[in-house]
Amino acid sequence: MTAGTGEQRERDRGFDHTEVEPKWQRTWDEEDVFRIPDDAEDPEYVLAMFPYTSGELHMGHVRNYTITDAYARFERLRGESVLHPMGWDSFGLPAENAAEDRDTNPRDWTMKCIDSMTEQFKSMGFGYDWEREVTTCDPDYYRWNQWLFKRFRDEDLVERQGAELNWCPSCETVLADEQVEEGPGGAEICWRCDTPIDHREMDQWFFTITDYAEELLDCLDDLEGWPNNVREMQRNWIGRQEGASVAFEIPGHGDVDIFTTRLDTIYGATYFSLAPGHPVAQAIAEENDEVAEYIQEAEHADEDELDVTSGVFTGEYAVNPATGEEIPVYVADYVLTDVGTGALYAVPAHDERDHEFAEAHDIDIVQVVEPAEDADVDPEDVDVQEAAYPEDGVLVDSGEFDGLTSEEAREKFVEEFDGEHRTEYNLRDWGISRQRYWGTPIPMIHCEECGHVEVPDEDLPVELPEFVHTTGNPLDAAEEWKSVECPDCGGPAERETDTMDTFVDSSWYFLRFLSPDLDSAPFDSERAGDWMPVDQYVGGIEHAVMHLLYARFFTKVLDDIDLVDGIREPFTNLTNQGMVLGADGNKMSKSKGNGVSPQRIVDEYGADTARLFIMEAAQPEKEFAWSPEGVRSAYQFLQSVHGLAEEVAEGESETGDADGEDPVAGYVDREIAATTARATEEFEAFRFNHALQAVRDLVSLLRRYHERDGADADTVERGVRTVAKLLGPVAPHVGEEVWALLDGEGLLAEAEWPEADLPADYDVASRLVENTREDVRDIVETVGIEDPETITLAVAPEWKHRAHEFARDSDADNLVGALMGRDEIQRHGSDAADFAKDLQAEREALGEVLAPDEERAALERAAWLIAEEFEADVVVHSAADADDDLAGNAQPGRPAIRIE
RNA sequence: GCGAGGGUAGCCAAGCCUGGAAACGGCGGCGGACUCAAGAUCCGCUCCCGUAGGGGUCCAAGGGUUCAAAUCCCUUCCCUCGCACCA
């Protein structure tokens, strides 16, 4: 930074953030402003997704945490108890990698990161109850992962399954399905390191989240405080399919269950297809080399390597229970082992993939459904030999069932062919085993004699041993730690060396915040019943499926084992904050060099500037680009507010017209009230940028008024105090500073939010004023009046207002007639007739207007703005005071204007 | 392909649910005030025409409902995101 630049000088005149910000941070801390006592009743629970302990706060974090901090502060000012805690998602592979790179161990590295991040959080002025800090890698935390694992096991929600699993060769661990992403060319890659994954057959610990699939899906409909896209992503992920299963006999191999959503097409089944992984396919392979070869090929092929129509005839035939016919059995790669039952009957006439396959293998195509009468397709135009007809319709060629609709047939056939209704889900059980060190040890022991034995509760936590540098899993290398006595038989046994997926940690951390030090249970159940669910949860969209689904699952289980009282969803309202892009509009990245470090901005401009800029830039869900001009503008605005406060504080507190009759002060007063109302509404709706815009407008007005001769000092001071409060949630340090300058009572952080009622007729009056100002400008401009001296405004006469009101309420067919039938109007002769016609023309669109005297008062309050703008005298007349020429032009809500 | 969300002035973007003013803001541009000047700040203007507040044309395109449509309904086109050999 160059000393002596214009900006530097500017800064010397205003407040110095490097001094002001730490001062207030210390004060809040000393005063315990953000503490929430355990006996608080149903506080507002405001939560941001806790950060992974990378050691560095980036812009995304700053945005995330500014949003929750602003909202928490806002709610606190409104008199709510607010729970706004922070913790550390501190287990995970990056710590191990960092330890390897730096010749240290994951614990020390993580703790250092936490220290440094805590500093950064504090320098941003985020108001957390640090007494409730939670750290997942602390044995006092993860012992409860272990305890919960055992309770889940009591409920039969833990299973040991052998399965083919996703293995990341770089991370040397398995990954959950949710942690596998699609890379270039359709390859499956690791979500962390983008390494293409392998598949390995391993024994793993699973949480049987599928037991909750139905509820997890159904409850999404009621999560109205969640964004639609997140709910939709979860619906997709859970993937419910309603269908039926029916058995087909393959002689020599018994009954094979199929799953279908189109049981109505069963008469059109012309072949049968097994997934390569299906047990019957495997059995056939043992005697059939061609099948064995194909299976081998299919299992090792990468995506896209096999043709979509690839498959092999097995030589076997399945019996169609509907027709009694024998249809050929194929093994085909397009049938997936883990979808449905891994077996299906194929109906080429009514399924596009089956059609394609049938054409390639020269299999019959038999139509059994045709368009219903009310369909937009003519049955004549359907040629299933050409293309499949996959829509529902009416059955044909289906024996005695011809004429049934598809829907009726699906229902009927379940009974008819001895099948059953069945619901399939895409969701798989949650494999939580990870072959890594830096995680929660799974509290199990393997005994040769007794098998899998739990570690007794009194031996929890199973703590991690010293970290050793090794290839593979350090827990495997920790021989001494590994070897234990079997709790059941006392014989020699070995500890489980897998640790838990770190998503276990984050599935209930929001509950630990309620009672972080409790050592008899993971959390205080009674308090959970009162304080949960989280009212506002803010975090990134990347957790739409994994974290948010797991946390929902945990919450439901915890309720079912009576640890929480009737709370079945953890997060009532969810907001996904948008991305902060680089100034060039691209995602911030090292390679593009467009990143902005929060620390640099805080050093240079202060936390308040960063916070204000971020909150002004866009609504929380929207992305926005970093803008140096925007940052500077935020900084200057804060300086300007502070400057105004200083001037107000220094000025002699003379009161202009102390009697409160000054119409200009009245105007400013109404604007103060209106801004408060507007800002309050916008804060509530999470549209901070709109609230801040209103505050900026008010500050401009206050400055303008303050600089005016005879301005009422009380009014200005009241205005600036209001600004301090409205700005406080977003720019808390400057807010406190301004508050203190004006001798505010106590701390701003603990002050009371201002009353927020919109002044009477505010909207109508301000529209009147705006329109009138625009009209004056329009006239001056169009006519080209060089230097106006007097601007006269005249309000419309009473009778026009009455006529207007009458027209608004009237539903008379002939409005002109109805109006002219009224004596008070009719006696104004042709003026009345003309006006009545005008009213008739726009009768349906007539807006609300003020009464004549209110209209006049509103114009008088605002006259100073016009006077200043044109450096002219402004006179406001009632209809009676104005000369007839002028008054005649006036309409309700539209005063007559004369400019001389 | 299925699903969700979108398309608003030169650019970004509010409004749409709950129909009623060429349509909030911001950026950029233009004019003015302040200044020796520049910057910053403040006040205006920024679809077209207009010497008294007027007229014309507007919210992806087309159609419909209505006294009245950016807003409601239908059709088409385009964009973004999620899911997908899902039986």
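Letters A, B, ... mirror the listed sequences (proteins, then strands); counts begin at 1.
- Checking B:G53, B:A40, B:G26 against every side-chain atom of A:Gln636, the shortest atom distance belongs to B:A40.
- Look at B:A52: it lacks any Watson-Crick or wobble partner with both distances under 3.5 angstrom.
- Here the side chain of A:Asp778 is nearest to one of B:A52, B:G53, B:C86, namely B:G53.
- Remark: B:C72 base-pairs with B:G64; criterion is Watson-Crick or G-U wobble with both hydrogen-bond distances under 3.5 Å.
- Across the strands present, B:G39 finds no partner; the criterion is a Watson-Crick or G-U wobble pair with both atom distances under 3.5 angstrom.
- Atom CG of A:Asp809 sits in a crowded spot, with more than 12 heavy atoms from other residues, nucleotides or ligands closer than 6.0 Å.
- Nucleotide B:G1 forms a pair with B:C83, judged by Watson-Crick or G-U wobble geometry with both contacts under 3.5 Å.
- Distances were taken from every side-chain heavy atom of A:Lys622 (C-beta onward) to each of B:A4, B:A14, B:C43; the shortest belongs to B:A14.
- If you check B:C30 for Watson-Crick or wobble pairing at under 3.5 angstrom, you find it paired to B:G44.
- Between A:His278 and A:Thr341, the shortest heavy-atom contact is CD2-O, 3.3 Å.
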Which is it for A:Phe624 and A:Phe613 under the ring-ring contact (aromatic ring centres under 6.0 Å, His included) test, yes or no, and what are the steps along the way?
CA-CA 11 Å; A:Phe624 69 87; A:Phe613 165 64; 5.8 Å; yes
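- Counting non-hydrogen atoms of neighbouring residues, nucleotides and ligands closer than 6.0 angstrom, the CD atom of A:Glu407 reaches no more than 12 such neighbours.
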